[in-house]
Amino acid sequence: MSTILHLRAETKPLEARAALTPTTVKKLIAKGFKIYVEEAPQSIFKSQEYKEAGATIVPTGSWISAPRDRIIIGLKEMPEEDKFPLVHEHIQFAHCYKDQAGWKDVLTRFINGKGTLYDLEFLENDDGRRVAAFGFYAGFAGTALGLADWAFKQTHPDNEELPGVTPYPNENVLINDVKVKLEKAYKVGAKIPTVLIIGAKGRCGSGAIELAQKVGIPEENIIKWDMAETARGGPFKEIAQADVFINCIYLSKPIAPFINYNLLNNKKRRLRTVVDVSADTTNPYNPIPIYNIATVFNKPTVTVPTKIGPKLSVISIDHLPSLLPREASESFAQDLLPSLEELPKRNVSPVWVKAEKLFEKHCARVYRSSKL
């Protein structure tokens, strides 16, 4: 019996990525998989591309009533207003294992429906390394928006906010757009910004560095921090003296804040833009506790309520790679492909066994908390 995957349409506003691409669908079908793909108006990939790859096209949202033997695959979380039990096996980012707001509600839907969650964020190989991640393009896109916001502040009054953005067709268009914005800032006398990146050695940090380089930020203006530089514990005064701060860490345990209002409320502060690529907005241990709003593409910034110093904004979009949906999806799906090919033997495959055990562990937390 072939393994059946059902790619659900994304519903998060402006989410144009996909967990399966026509390229990977074709490869999976060649391995004996049966694949259904929902009509997805938001997706960068057209239904015809999937059809030509061999998939069966089905209506948007049809996963809800699909046979239980289908594994439902998607990227972002489902709408919060949906409460019905989840009866299928699901592969997705659920954002519910690190005490995020509403985590119990998410898991309760699986518990009530006797479904299973394989969280994409926690699919790991034997070495404990994630098998697939959007980190590179998250850092790449986040830094692009951060530099665009910094440039915008040089050419516009403080009562104006960076306009909304929509996904770019490819990275060259994005790079050129940021270059144009930076040139406008330089023409009015702004100096080349200093960009401080924390988590510079990871996937996300490498993407941040590459974008900064490609738009012409010189090496001496790119400050690359990782665990060695942050080992002394925050807050760090160096962040307040950078022009743009990019947070690319993976938060796995409580840490001291990177920045606080004591450092920000200073007339000599240079910092104008914070990009929290990690976007642990609702995490109680968020190391950037100066905002509490997850921003979105059509309103990318939130102003930090500082008392003195220049205007400061935070970008905290939790699906940044969707700014470059085609490249980001292809990169992610290719990395995920070897693990997907193991789904027929997921009861013994280490990646999927570990993911199911982790799901069961967090379901047990829900049970325990309900009895307190």
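Numbers here simply count residues along the sequence, with the first being 1.
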[Y] and [X], any side-chain heavy atoms less than 4.5 Å apart:
X: V25; Y: L28; result: no
X: V215; Y: I217; result: yes
X: Q92; Y: L117; result: yes
X: T116; Y: E356; result: yes
X: E38; Y: S62; result: yes
X: Y291; Y: S313; result: no
X: F236; Y: L196; result: no
X: L123; Y: W352; result: yes

I'd like to know if the side chain of [X] and the backbone of [Y] have a donor-acceptor N/O pair within less than 3.5 Å.
X: D318; Y: A279; value: no
X: S278; Y: Y250; value: no
X: R326; Y: I44; value: yes
X: D226; Y: A228; value: no
X: T295; Y: S316; value: yes
X: Y50; Y: L20; value: yes
X: R269; Y: L264; value: yes
X: N265; Y: T306; value: no
X: S206; Y: R203; value: yes
X: E330; Y: T21; value: no

If every non-hydrogen atom of [X] is compared with every non-hydrogen atom of [Y], which pair is closest and at what distance?
X: Y97; Y: H362; result: O-CE1, 3.4 Å
X: N221; Y: P193; result: ND2-O, 3.2 Å
X: A208; Y: C248; result: CB-SG, 4.3 Å
X: P350; Y: D126; result: CB-OD1, 3.5 Å
X: L343; Y: R346; result: O-NH1, 2.8 Å
X: F45; Y: S329; result: CE1-CB, 3.6 Å

Starting at [atom1] of [X], measure out to [atom2] of [Y] and round the result to the nearest 0.5 Å.
X: I290; Y: L271; atom1: CD1; atom2: CG; result: 7.0 Å
X: L107; Y: F359; atom1: CG; atom2: CZ; result: 6.5 Å
X: T143; Y: I246; atom1: OG1; atom2: CD1; result: 4.0 Å
X: D158; Y: K153; atom1: CG; atom2: NZ; result: 8.0 Å
X: E171; Y: L324; atom1: CD; atom2: CG; result: 6.5 Å
X: K299; Y: I317; atom1: NZ; atom2: CD1; result: 12.5 Å

Verify side chain to side chain donor-acceptor pair (under 3.5 Å) between E39 and S47, making sure each step is shown before the conclusion. CA-CA 6 Å; E39 292 277 1; S47 296; 2.8 Å; yes
Using a 6.0 Å cut-off, check whether atom [atom1] of [X] has over 12 heavy atoms from anything other than its own residue.
X: R129; atom1: CZ; value: no
X: K354; atom1: NZ; value: yes
X: R365; atom1: CZ; value: yes
X: F93; atom1: CZ; value: yes
X: N172; atom1: CG; value: yes

[Y] versus [X], side-chain donor and acceptor atoms under 3.5 Å:
X: K34; Y: T56; answer: yes
X: T303; Y: E161; answer: yes
X: T301; Y: D149; answer: no
X: D280; Y: N286; answer: no

Start with the C-alpha distance between D243 and R270, add both sets of side-chain angles, then the distance that settles salt bridge (charged side-chain N to carboxylate O under 4.0 Å, His left out), and finish with yes or no. CA-CA 5 Å; D243 296 291; R270 291 178 54 185; 2.6 Å; yes
Does one hydrophobic cluster hold both [X] and [Y], with members joined at side-chain heavy-atom distances below 4.5 Å?
X: L263; Y: I223; value: yes
X: W225; Y: V277; value: no
X: V131; Y: L75; value: yes
X: I259; Y: V275; value: no
X: L358; Y: I111; value: yes

Quick one: sort the F297 and H319 rings into parallel, tilted or perpendicular, breaks at 30° and 60°. tilted
Going by the angle between their ring planes, with limits at 30° and 60°, are W63 and H88 parallel, tilted or perpendicular? perpendicular
Should the pair K311 and F152 be classed as cation-pi, given the thresholds of under 6.0 Å to the six-membered ring centre and 45° from the axis? no
Find out whether the Lys NZ or Arg CZ of R17 is both under 6.0 angstrom from the six-membered ring centre of F134 and within 45° of the ring's axis. yes
Would W150 and L182 satisfy side-chain contact (heavy atoms from CB on, under 4.5 Å), going step by step from the backbone distance to the final call? CA-CA 8 Å; W150 174 87; L182 288 172; 3.8 Å; yes
List the steps, then state whether side-chain contact (heavy atoms from CB on, under 4.5 Å) holds for R8 with M78. CA-CA 10 Å; R8 62 175 172 83; M78 290 166 271; 3.9 Å; yes
Between R109 and E77, does any side-chain N to carboxylate O distance fall below 4.0 Å? no
Is any side-chain N of the basic residue among E219 and K224 closer than 4.0 Å to the acidic one's carboxylate O? yes
Checking I64 against D82 for the side-chain contact (heavy atoms from CB on, under 4.5 Å) test, could you report, in this order, the C-alpha distance in whole Å, the side-chain angles of both residues, the deciding distance, and whether it holds? CA-CA 11 Å; I64 297 171; D82 289 348; 5.7 Å; no
Run the numbers on K27 and Q334 for side-chain contact (heavy atoms from CB on, under 4.5 Å), then give the verdict. CA-CA 10 Å; K27 291 177 179 178; Q334 290 295 338; 3.3 Å; yes
